[in-house]
Q: 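Got a structure for you, written out below as structure tokens; questions coming shortly.
Counting starts at 1 for both ligands and their atoms, following the listed order.
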Amino acid sequence: MTKILIPIETASGERRVSATPSAVKKLKCLGCEVFVESSAGELSGFNDTLYKESGGEIVSKSNINIWENADVVFCVQPPSESNLSKLKKGAILLGLLNPYANEKLQKTITSKKISALSMELLPRISRAQSSDVLSSQANIAGYKAVLLAASELDRYFPMLMTAAGTVQPAKVVVLGGGVAGLQAVATAKRLGAIVFVSDIRPAVKEQVESLGARFIELPEIDEKPGESGGYAKAVTPEFLSKQKATLTKYLSEADVAVCTAQVLGKKAPVLIDSNMIEKMRPGAVVIDLAVSQGGNCEGTKSNETIIRNGVKLIGAGELPSSVPYDASTLYAKNLTSLITPFIKDGVINLDKEDELISGCLLSNEGVILQNKVFEN
Ligand code: NAD
């Protein structure tokens, strides 16, 4: 019988858990044994009793045997070095392993001969949709970014006609119209704002217009930005400079900028620089979701609010964790949906030739398969 461990998340500020009681129930029904570290789900609204009722065995975090005996570890973020080093050869680690520039993790999984599946690397094909962690979490980030902006802004979002006068609607600029960006657009529209979107993939224009937002036209230069597998490629410095010139006008009139522009495995493009911040109005708010990839806005720092020229710059890379119940529920469904087809009579046997598994398999028993992703 495969032994699955659901550990307490130890990364600072992390409130999600990798499996909810209903995910545990599903894994039990498939015949696996599931061990849940005591209070692992506490911060996401799932207590030990709920896990016990779902068939999980609650184990104390001081019980090191549980790490030594685990066949599979579900996680949200990579577990601590000390816990990883207890895992046995061939154990499977499944989660958001932040494969980019993470040499420390690479060393541990190599030396301990761990098989690691990094959910960030899941191919974006139709069959993968139910396991798409980046989408489920980006959706939450986009929604929460707008709520955060609305609560930090010195103005209303909607237009209001009152006896004391008319309040004009807020203007929101969304940079990047992917999963997070489109959810930010939908949320800002629901709150009554006027929304503008910049993206370099032409398909985004129709998507943002269908949500009632306006697309900011791309600079007219010969070299068009590229894409691969649905992801944008990095733009040239010439393109970026022209794009920033266009954005300066929109940002100078904006109340809020929500930054979601990313390039897979690379630093995020800097779309708002210091000169552009200086042209924004004091009181405006910038929410930078790309902060952990270097940020779309110059000067943002993770989990910090910095005031520059009266503009609030908020580095918000961890927003999914601020909605831990739903974020964990969706995340756990993503993980179970990836491995369920490979469980038979309580035993997990991953088919490493399968497109989804080979896509996110970072290491096979310690042999790094996607070395390049560590180099960025
Ligand atoms: P992402 O997080 O990598 O990037 C966010 C957005 O930033 C993207 O739309 C990208 O085009 C944009 N961007 C990059 N450079 C930019 C720049 N210089 N200026 C402005 N915008 C810039 O992307 P994502 O949200 O993960 O989604 C990327 C695409 O994948 C979307 O089309 C999405 O619909 C698609 N997708 C497909 C599937 C599937 O088929 N299973 C699942 C999820 C997402």
Q: Just let me know how Pro269 lines up against ligand 1, side chain, backbone, both or neither, with a heavy-atom cut-off below 4.0 Å.
A: side chain
Q: As an exercise, identify every atom of ligand 1 less than 4.0 angstrom from a heavy atom of Gln129.
A: 39 (C), 40 (O), 41 (N)
Q: For Ser135, is at least one N or O under 3.5 Å away from an N or O on ligand 1?
A: no
Q: Is there at least one pair of N or O atoms, one from Gly178 and one from ligand 1, spaced under 3.5 Å apart?
A: yes
Q: List the steps and the verdict of ring pair (Phe, Tyr, Trp, His ring centres under 6.0 Å) for Phe215 and Phe196.
A: CA-CA 6 Å; Phe215 188 73; Phe196 303 87; over 10 Å; no
Q: Atom CE of Met276 and atom CG of Asn309: how far apart are they, to the nearest 0.5 Å?
A: 14.0 Å
Q: Of Asn296, Leu289, Thr260, which has the heavy atom at the shortest distance from atom 5 (C) of ligand 1?
A: Thr260
Q: Any N/O of Gln243 closer than 3.5 Å to an N/O of ligand 1?
A: yes
Q: If hydrogens are left out, which of Gln262, Glu120, Arg124 has an atom nearest to atom 26 (O) of ligand 1, that is, the closest non-hydrogen atom?
A: Arg124
Q: Among all protein non-hydrogen atoms, which one is nearest to atom 12 (C) of ligand 1, and what is the separation to 0.1 Å?
A: Asp199 OD2, 3.3 Å
Q: For Glu81, check side chain to side chain donor-acceptor pair (under 3.5 Å) against everything at least two apart and list the hits.
A: Thr108
Q: Determine whether any protein heavy atom is located less than 4.0 Å from atom 41 (N) of ligand 1.
A: yes
